[in-house]
Amino acid sequence: MGFCCFRVTELVLLQPDPFLNELTAMYGRSTENGSVWVTFKRSSMKSKAKRNKLGADALEFRCLVRATDGKKTISTLISAKDQQKFQSSYATVLKAHMHALKKRERKDKKKAAEVNKKEEKAPKKSRSSTKVTA
Amino acid sequence: MVYISSWDEFAERSIQLFRADPHSTRYVMKYKHSDGKLVLKVTDNRECLKFKTDQAQDAKKMEKLNNIFFTLMVRGPDADIEASGKEQAETQPTKKGRGRKQ
């Protein structure tokens, strides 16, 4: 009985787009309870022994992005070519799901007025900026 | 581990930590919707930096840090993060300096 039974969650390596879809689903499933963890790490996807054998120059490093909700783990590798696209899509996914955070609460009157002013201005600005990007 | 209360300190120290040991430093973001809580953690398994928030405005700051870490991790610890910051500023000029905008 020398073995210890760990529940090993499989690390599914996905392409960036399916990863984002799955991440979206994870956030969707965890609204009532549970958390979602997302980890970034610079990785060559090689074991330590292999890394030492090959030497640092021969390795290709990319950004490993992992996500888990405690039940399922998914991951993807981001190369320089995918980076811009991925980071903006990722930001979009986060924006769409992180709406449980508090919007500025401690408003005294002055600040509240300022915020209102800015909010009045904001729609116009954001519209013009979407025009630029579109 | 004590949480760092100042965002700027957290961001600066976490980038330093990554640059000191790029191969064993990871950046973790934990979000719990039911509590409306966001926890960021950067660790190299020796030192651990954490930042906790429930404010939406901090999510915006986090987005910038995400982009910095993407740049550093994809392009290497010597990558110019100022340049990527500028790129972002150019594409979204209206967001610059308006932390309060929703």
Side-chain angles (χ1 to χ4, degrees), chain A residues 27-44 48 51 56 59 61-68 77-84 86-88 90-91 94-95 97-106 111 114-115 118-119 121-122 124-129 132-133, chain B residues 14 18-19 21-45 52-60 62-77 79 84 87-88 90-102:
Chain A
Y27 276 122
R29 281 197 300 267
S30 66
T31 49
E32 302 244 321
N33 50 42
S35 317
V36 177
W37 290 259
V38 181
T39 308
F40 298 177
K41 191 172 192 297
R42 184 161 165 81
S43 168
S44 58
K48 202 174 182 184
R51 279 207 304 272
L59 295 169
F61 282 96
R62 285 187 280 179
C63 182
L64 173 68
V65 182
R66 288 176 289 215
T68 181
L77 277 168
I78 305 301
S79 59
K81 158 174 82 68
D82 305 325
Q83 190 210 342
Q84 284 295 336
F86 186 84
Q87 76 179 28
S88 64
Y90 176 68
L94 292 192
K95 251 181 233 158
H97 289 92
M98 286 193 177
H99 44 75
L101 298 174
K102 287 180 198 141
K103 311 250 157 69
R104 260 195 186 233
E105 264 189 347
R106 43 192 172 82
K111 273 192 179 167
E114 236 179 86
V115 169
K118 291 217 164 148
E119 274 169 1
K121 280 182 194 168
K124 281 180 201 164
K125 294 228 168 176
S126 61
R127 233 177 274 152
S128 67
S129 72
V132 175
T133 50
Chain B
S14 55
F18 176 78
R19 286 200 160 137
D21 190 352
H23 296 162
S24 46
T25 303
R26 64 184 180 276
Y27 167 55
V28 190
M29 185 269 293
K30 174 187 169 188
Y31 176 63
K32 186 162 190 183
H33 188 90
S34 52
D35 294 352
K37 281 206 177 100
L38 180 66
V39 177
L40 302 180
K41 173 166 109 170
V42 178
T43 179
D44 64 352
N45 292 331
K52 181 166 75 172
T53 185
D54 59 359
Q55 298 293 319
Q57 49 172 338
D58 289 325
K60 304 227 180 274
M62 180 195 68
E63 196 187 317
K64 285 197 186 120
L65 190 64
N66 284 347
N67 292 347
I68 289 171
F69 270 110
F70 271 134
T71 308
L72 288 174
M73 289 186 178
V74 170
R75 292 168 207 274
S84 70
E87 259 170 53
Q88 211 199 353
E90 276 160 26
T91 50
Q92 303 171 315
T94 52
K95 284 199 175 166
K96 205 182 171 189
R98 284 174 200 274
R100 217 170 270 158
K101 222 175 85 176
Q102 292 305 317

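No hydrogens, no waters, no symmetry mates; every other heavy atom, side chains included, goes into these values. Here is the naming used below: chain letters follow the sequence lines, and residue numbers restart at 1 for every chain.
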For residues Ser35(A) and Lys30(B), report the shortest heavy-atom separation together with the two atoms involved. OG-CE, 3.5 Å
Check each atom of Ile78(A) against the heavy atoms of chain B and say whether the ones under 4.5 Å are side chain, backbone, both or neither. both
Other residues, nucleotides, ligands: >12 heavy atoms within 6.0 Å of Asn45(B) CG: yes
Max heavy-atom pairs within cutoff under 4.5 Å with chain A, candidates Tyr27(B), Tyr31(B), Phe18(B), goes to Tyr31(B)
Under 4.5 Å to a heavy atom of chain B? For His99(A) that would be both
Distance col, row Lys95(A):NZ vs Ser88(A):OG, nearest 0.5 angstrom, shows 9.0 Å
Pick from Ser30(A), Ala91(A), Gly34(A), Ser79(A): which one has the most heavy-atom pairs with chain B under 4.5 Å? Gly34(A)
Can you measure from NZ (Lys81(A)) to CZ (Phe86(A)) and round to the nearest 0.5 angstrom? 13.0 Å
